[in-house]
Amino acid sequence: MKHTKIKALLESSQVGEKVIVKGWVRAFRSNRFIQINDGSTINNIQAVIEYENFDEAILKKISTAAAVEVHGTLIESQGKGQSVEIAVENVHILGEANPDEVQKTVMQPKKHSLEFLREQAHLRFRTNTFGAVFRIRHGLTFAIHKFFNDKGFYNLHTPILTSSDAEGAGEMFHVTNFDLNNIPKTEDGKVDYSQDFFNKPVNLTVSGQLEAELGALALGQVYTFGPTFRAENSNTSRHLAEFWMIEPEVAFNDLKDNMDLTEEFLKYLSNYVLENYADDLKFLNDRDVKEQSAKPAKDRNPLTLIERLEFVANNEFKRITYTEAIEILRNSKPFKKKKFKYDVEWGVDLHSEHERYLVEKEFNCPVIITDYPADIKAFYMRQNDDGKTVAAMDVLFPGIGEIVGGSQREERLDVLKKKCADFNIDEKEVWWYIDSRKFGTVPHAGFGLGFERMVMFATGMTNIRDVIPFPRTPGNADF
RNA sequence: UCCUCCUUAGCUCAGUUGGUUAGAGCAUCUGACUGUUAAUCAGAGGGUCCUAGGUUCAAGUCCUAGAGGGGGAGCCA
C-alpha cells in the first residue's frame with residue numbers, strides 16, 4: 001500500500017479508509033497527538049495514538065523533526081482544530097532526531113528571527129514560513145511558463161557564459177580556466193586570454209535580452225527565464241549576486257504593447273497565487289499583519305498582503321512619462337519643503353525616495369514611468385522623435401521599487417550605430433546584434449522582471465535573501 | 001562602497017552612575033497530568049557577555065581596532 005500525501009488526505013476526506021502517511025513530526029502533544037507535515041501543504045495532519053498501547057521506547061523517539069511513517073484509519077476528529085485525523089495503529093520511526101541537537105536549530109518549536117533562519121538555510125525549509133515561500137515560488141515559476149505558453153511564446157535558453165559585456169547592466173563575474181596562481185601574460189604584461197578556454201574574456205551573463213531579441217526576430221514571441229549574475233557590491237535587502245530573471249521579447253510590439261503585456265502578466269501572476277496558494281498565502285498574510293502592527297503607524301502598509309495582491313490584480317496601473325513624473329515631484333510637498341535628499345531636475349535619474357513618493361504617496365498603486373532621457377538609459381532603447389528621450393519603461397511597485405524594466409528596442413540600423421558610438425560601444429563587440437537590423441528589421445519590445453522581487457511581492461517577505469533557497473550576496477556563498 | 005544601529009544561555013532579550021555569585025521568557029531534560037491545538041503544573045541543567053588590545057583598584061558596562069549581522073543609501077532587477 002502506498003502512502004498518501006497529506007494535502008490529498010485533507011482535501012479528499014476519505015473517512016473510514018486505511019491510510020499510510022510519511023512525514024516529519026512538527027509537534028507531539030500530550031503523548032497522544034502527533035502533528036505531521038510532509039511538505040505537500042502548510043497544513044499538518046494530526047495522528048492520534050493510544051499511548052497506553054505503545055512501547056515507551058517508540059514514544060520517546062516521536063520527537064520534533066523526526067521522520068515517521070504512520071499507519072491507521074482516517075476518522076473525523078473529536079477535537080476542534082481539524083476536521084479529520086488519523087487513528088494510529090502503527091508508527092515506524094524512519095529517521096530519529098535528537099532533541100538536544102534539534103534544540104540548536106530552527107526546528108526548535110518556537111518563533112525565530114529571519115536572521116537566525118537565514119544562518120540555517122539548509123533547515124529553514126522545515127518551517128511554515130519558508131515552506132509557504134518556496135511553494136509559492138514554485139507556483140510563480142509554473143505560472144510564468146503557463147502565461148507565456150498559453151500566449152504562444154517560446155521559451156528561449158540564452159547562454160549563461162557570455163563574451164558580450166556591452167549591456168552595461170553591471171559588474172560581471174569573470175569565468176576562466178586559468179590556474180589563478182599562474183596566469184599567462186602577453187609581452188606587455190596583460191592577461192593573455194588567447195590561452196584561456198574560450199580564447200577570449202568570458203563572463204557570467206547579466207541579461208539574456210540581446211540574445212532574446214534575436215530569437216524574437218524569427219520566432220515572434222520568446223521569453224527567457226534563467227539565472228543572472230551581478231558582481232556589484234550591493235548590500236541591500238533587494239539585491240542578489242545570483243538571481244533569476246524573466247525577459248520576454250516580442251516582434252512588432254511598440255512601447256504601449258509592451259506596457260499592456262507587462263500589466264497583464266503581473267496581474268496574471270498575482271491572480272495565480274491568490275487562486276492556487278490560498279493556504280500558504282493566508283499564513284503569510286497573518287504573519288504580515290503581525291509584522292505591520294509592530295511597526296510605527298507611519299511605516300505601516302494600509303493593505304494586507306492578500307489585499308495588495310488583489311489590488312494589483314484588479315486595478316489599472318498608473319502610466320506617466322518621466323517628464324510628467326519630474327513635474328509632479330517638483331510640485332510635491334517634500335520637494336518644496338526640501339525633504340528630498342537628491343535634487344529633482346529633468347535629465348537626472350529618479351532616486352528611491354522619488355519613486356517611493358510617486359508609488360506610495362501620490363498614486364498609491366503600481367506606476368509605469370515611460371520615456372526617460374536617453375542619457376540615463378541603455379544604448380539599445382529606441383530613440384523617440386523628440387531626440388531627447390527613449391521609449392523606456394520602469395514598473396514601480398509599492399514596497400519593492402523597480403520590479404520591471406523594459407523598452408521598445410532601437411530597430412533602425414543607422415540610429416543603433418550612432419547609439420553605439422555615443423555609448424562608446426565597439427560595434428565589433430556586438431556585430432551579431434547590429435546584424436539583426438540589416439535583414440527585415442522590425443519594431444520590437446521587451447522587458448525584464450526580477451523573479452525574486454515578484455516572489456517578495458507575492459509572499460510579503462521584505463528581504464530578498466528570504467525568497468531564494470540559498471542566497472548569494474557579497475561575502476556569502478554558503479550551502 | 002557609504003551612513004547608522006546591533007552582537008549577553010539553543011532562541012528572543014533585560015542587565016541602572018563601571019562595583020559581590022550575570023537574569024527572564026521560550027526551548028531542552030526529569031517528574032506529574034492527559035482529547036491536545038503556542039497544552040498545563042513542578043523542578044533541573046545550560047554562559048569564551050563576538051574577537052584582540054587598552055583605561056581602571058575593579059569592565060557585560062568606558063576607549064581603539066577587527067569580525068559578523070540588521071536597517072537605510074548608492075547601483076540595479
Side-chain angles (χ1 to χ4, degrees), chain A residues 26-35 43-52 60 63-65 75 77-82 85 87 97-120 127-128 167-171 205-209 227-247 295 299 340-342 349-356 376-378 394-397 400-406 447-457 462-468 473-476 478:
Chain A
R26 282 294 177 80
F28 185 30
R29 274 191 290 273
S30 300
N31 230 8
R32 187 187 292 278
F33 306 100
I34 316 171
Q35 300 294 331
N43 300 307
N44 303 327
I45 189 104
Q46 174 159 284
V48 185
I49 62 171
E50 300 297 326
Y51 59 89
E52 300 87 346
K60 199 92 195 142
S63 59
T64 301
I75 57 169
S77 177
Q78 298 171 36
K80 274 180 186 160
Q82 57 284 316
E85 63 192 20
N98 179 343
D100 281 337
E101 299 279 339
V102 169
Q103 194 211 175
K104 292 173 184 165
T105 73
V106 298
M107 293 177 291
Q108 166 184 137
K110 70 181 291 290
K111 287 250 183 266
H112 300 290
S113 66
L114 291 171
E115 290 79 30
F116 182 57
L117 287 155
R118 218 171 283 149
E119 286 171 18
Q120 296 185 20
T127 65
N128 283 333
E167 284 144 76
E171 289 292 311
T205 184
V206 293
S207 161
Q209 181 206 309
T228 314
F229 308 88
R230 304 275 165 92
E232 299 285 350
N233 190 9
S234 302
N235 293 288
T236 83
S237 53
R238 301 181 307 282
H239 292 88
L240 291 166
E242 176 183 287
F243 64 101
W244 290 67
M245 190 150 64
I246 299 101
E247 296 177 294
K295 286 196 217 169
D299 297 335
F340 285 139
K341 198 175 156 206
Y342 293 90
D349 208 356
L350 301 176
H351 285 85
S352 307
E353 56 179 353
H354 309 131
E355 295 181 348
R356 192 168 304 148
I376 59 173
K377 287 292 178 181
D394 281 0
V395 181
L396 310 178
F397 261 34
I400 310 269
E402 186 181 336
I403 191 165
V404 164
F447 63 83
L449 167 70
F451 182 54
E452 281 75 18
R453 292 198 180 164
M454 185 65 209
V455 182
M456 286 171 82
F457 180 72
T462 53
N463 192 315
I464 201 164
R465 296 172 185 115
D466 297 329
V467 297
I468 188 166
T473 52
N476 196 339
D478 286 343

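Here is how names work: the chains are called A, B, and so on, in the same order as the sequence lines, proteins then strands, and each is numbered from 1. The analysis underlying the following values was restricted to heavy atoms, covering all of them including side chains, and did not include hydrogens, waters or symmetry mates.
Each of A:Met245 and A:Ser352 has a nearest nucleotide on RNA chain B; the 5'-most of these lies closest to A:Ser352. Taking the nucleotide of RNA chain B with the nearest heavy atom to each of A:Glu355 and A:Asn476, the more 5' of the two is matched to A:Asn476.
Contacts of A:Asn463 with the nucleic acid, taken as non-hydrogen atoms under 4.0 Å apart, involve only primed sugar atoms and P, OP1 or OP2. A:Leu449 comes within 4.0 angstrom of nothing in the nucleic acid, heavy atoms only. Residue A:Arg356 is classed as a sugar-phosphate contact, given heavy-atom separations below 4.0 Å to backbone atoms only.
Within residues 112-120 of chain A, the residues approaching RNA chain B are A:His112, A:Ser113, A:Glu115, A:Phe116, A:Arg118, by heavy-atom distance under 4.0 Å.
When each of B:G69, B:C76, B:G72 is scored by its nearest atom to the side-chain atoms of A:Ser237, the top-ranked nucleotide is B:G72.
Listed by chain and residue number, nothing satisfies the side chain to side chain donor-acceptor pair (under 3.5 Å) test with A:Gln78 (two or more places apart in sequence, or in another chain). Scanning for side chain to side chain donor-acceptor pair (under 3.5 Å) contacts around A:Arg26 gives A:Asn128, with sequence neighbours left out. Taking A:Asn463 as the reference, A:Arg118, A:Ser237, A:Arg465, A:Asp466 meet the side-chain contact (heavy atoms from CB on, under 4.5 Å) condition, with sequence neighbours excluded. Take A:Glu85 and apply the side chain to side chain donor-acceptor pair (under 3.5 Å) test, not counting sequence neighbours, and it matches A:Gln46, A:Ser77. Residues passing the side chain to side chain donor-acceptor pair (under 3.5 Å) test with A:Asn235 are A:Asn233, sequence neighbours excluded. For the side-chain contact (heavy atoms from CB on, under 4.5 Å) test, residues two or more places apart in sequence or in another chain that qualify with A:Gln108 are A:Gln103, A:Lys110, A:His112. For A:Tyr51, the ring-ring contact (aromatic ring centres under 6.0 Å, His included) criterion is met by no residue, not counting sequence neighbours. Among residues two or more places apart in sequence or in another chain, the side-chain contact (heavy atoms from CB on, under 4.5 Å) test is passed with A:Thr462 by none. Qualifying side-chain contact (heavy atoms from CB on, under 4.5 Å) partners for A:Glu101, counting only residues two or more places apart in sequence or in other chains: A:Asn98.
Atom CD of A:Glu402 and atom C1' of B:C75 are 11 Å apart (whole Å). Across the protein-nucleic acid pair, A:Ile464 atom CD1 and B:G70 atom P stand 13 Å apart, rounded to whole Å. If you take CD1 of A:Ile400 and P of B:C76, they are 19 Å apart, rounded to a whole angstrom. The distance from atom CZ of A:Phe397 to atom C1' of B:C76 is 17 Å, rounded to the nearest whole Å. A:Gln209 places its CD atom 15 Å from the P atom of B:C76, with the value rounded to the nearest Å. The NZ-P distance, from A:Lys104 to B:U12, rounds to 15 Å in whole Å. Between the NE2 atom of A:His351 and the C1' atom of B:G72 there is a distance of 14 Å, given to the nearest Å. As rounded to whole Å, 13 Å separates atom P of B:G68 from atom CZ of A:Arg465.
No hydrogens or angles were tested; on distance alone, a donor-acceptor pair under 3.5 Å links the side chain of A:Ser234 to the base of B:C75.
With C1' as the reference atom, B:C2 and B:C11 are 32 Å apart, rounded to whole Å. Between the C1' atoms of B:U48 and B:U37, the separation comes to 40 Å (whole Å). Comparing the same atom, C1', in B:U51 and in B:C26 gives a spacing of 29 Å after rounding to whole Å. For the C1' atom pair drawn from B:U17 and B:C13, the interatomic distance equals 23 Å after rounding to whole Å. Across B:A14 and B:A67, the matching C1' atoms stand 25 Å from one another, rounded to whole Å. The same atom, C1', is picked in B:A39 and in B:C33; the two are 11 Å apart, to the nearest Å. Remark: the separation of the C1' atoms in B:C76 and B:U7 is 31 Å, to the nearest Å. Comparing the C1' positions of B:U12 and B:U56 gives a spacing of 34 Å, expressed to the nearest Å.
Heavy-atom minimum distance, A:Pro227 versus A:Thr205: O-CG2, 3.8 Å.
Using a 4.5 Å cut-off on side-chain heavy atoms (C-beta onward), A:Ile464 and A:His239 make no contact.
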Produce a footprint string for nucleotides 25-40 of chain B: one letter per nucleotide, 5' end first; B if the base is under 4.0 Å from any protein heavy atom, S if only the sugar-phosphate is, - if neither. -BBSSS---BBBB-S-
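Rounding to the nearest 0.5 Å gives a distance of 9.0 Å between NZ of A:Lys60 and CG of A:Asn31. Here CD1 of A:Ile34 is found 11.5 Å from CZ of A:Arg29. Values are rounded to the nearest 0.5 Å.
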Intra- and inter-strand pairing of RNA chain B, written as dot-bracket with Watson-Crick and G-U pairs under 3.5 Å and | for the latter, reads (((((((..((((.....[...)))).(((((.......))))).....(((((..]....))))))))))))....
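Within the 4.0 Å cut-off from OP1 or OP2 of B:C76, not a single side-chain nitrogen or oxygen of A:Thr236 is found.
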